[in-house]
Amino acid sequence: MPRPKKPRFVSGYPTIAAFVPQGVPITGEVMLSVEELEAIRLSDFEHLDQESAANLMQVSRQTYGRILFAARGIVGEALVTGKALKIAGGNYAMRGGGRRRRGRGRRGRMGGQE
């Protein structure tokens, strides 16, 4: 039996649930979990180093690096291939004692062509 995953702490649930390309046919969709979005927000928007960001999410630096690597791959796939990017699911909790969410959203390529 595998060890249960600890929730990753995020600042809040995203207000935007999807990004869809305009002017081109959509070739499918990919899912980005809430904790993956948080990793991109902390590193690429807030410009935090991985150690500081990992501390905020209460995970190890190595785990944070894996989350960030996966998130950037998903975003890159959506941008390069014209897929819709949906944000949902994951294993996370709100920072500051907010409501705890533990969802297992579908991951990876969905809806079609690869």
Side-chain angles (χ1 to χ4, degrees):
M1 185 164 162
R3 181 177 178 211
K5 284 187 178 182
K6 288 176 32 182
R8 279 71 172 187
F9 286 84
V10 300
S11 62
Y13 194 78
T15 56
I16 298 171
F19 288 92
V20 180
Q22 293 182 347
V24 296
I26 298 172
T27 60
E29 65 182 36
V30 291
M31 295 295 291
L32 186 70
S33 70
V34 174
E35 64 265 19
E36 288 168 337
L37 178 65
E38 180 75 355
I40 288 176
R41 185 186 75 78
L42 293 172
S43 285
D44 299 335
F45 184 71
E46 299 290 338
H47 305 291
L48 295 178
D49 62 279
Q50 286 193 8
E51 189 68 36
S52 300
N55 288 335
L56 285 174
M57 290 183 70
Q58 296 184 15
V59 296
S60 70
R61 202 230 27 97
Q62 292 83 3
T63 298
Y64 179 82
R66 284 192 301 271
I67 294 169
L68 184 60
F69 181 78
R72 287 177 174 165
I74 292 167
V75 170
E77 179 184 355
L79 292 174
V80 170
T81 61
K83 293 182 179 178
L85 178 66
K86 301 222 174 176
I87 303 163
N91 184 17
Y92 62 94
M94 299 298 171
R95 196 175 309 127
R99 195 171 97 201
R100 185 174 179 152
R101 300 197 40 134
R102 291 186 73 152
R104 294 189 190 262
R106 293 183 68 184
R107 299 287 322 244
R109 295 174 181 89
M110 293 179 54
Q113 304 165 3
E114 296 185 16

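In this chain, residues are counted from 1 in sequence order. Keep in mind that what you see is a predicted model, and the values were worked out from it rather than measured.
Leu37 is connected to Leu79 through a chain of hydrophobic side-chain contacts under 4.5 Å among Ile, Leu, Val, Met, Phe, Trp and Tyr, so both are in one cluster. When the side chains of ILVMFWY residues are joined at heavy-atom separations under 4.5 Å, either directly or via intervening members, Ile16 and Leu32 end up in a single hydrophobic cluster.
In terms of heavy-atom proximity, Gly65 sits nearest to Gln50 at CA-OE1, 3.8 Å. Scanning all heavy atoms of the two residues, the minimum distance from Glu36 to Ile74 falls at OE1-CD1, 3.5 Å. Nearest heavy atoms, Pro21 versus Gly82: CG-O, 3.3 Å. Nearest heavy atom pair, residue Ala39 against residue Leu68, reads O-CD1, 3.7 Å. Heavy-atom minimum distance, Ile67 versus Arg8: CD1-NE, 3.5 Å. Pairing each heavy atom of Ala84 with each of Val20, the nearest pair is CB-CG2, 4.3 Å.
The backbone N or O of Leu56 sits less than 3.5 Å from a side-chain atom of Arg95, completing a donor-acceptor pair.
Side-chain contact, Tyr64 with Ser43: a donor N or O sits under 3.5 Å from an acceptor N or O.
Between the CG atom in Asp49 and the CZ atom in Arg61 there is a gap of 10.0 Å [rounded to 0.5 Å].
Considering only heavy atoms from C-beta on, Glu38 comes within 4.5 Å of Met57 through its side chain. Here the side chains of Lys86 and Val30 are not in contact, with every heavy-atom distance at 4.5 Å or above. Side-chain contact between Ser11 and Arg41: present, with at least one pair of heavy atoms (C-beta onward) separated by less than 4.5 Å.
A search for side chain to side chain donor-acceptor pair (under 3.5 Å) contacts involving Asn55 returns nothing, not counting sequence neighbours. By the side chain to side chain donor-acceptor pair (under 3.5 Å) test, Thr63 pairs with Ser60, Arg66, sequence neighbours left out.
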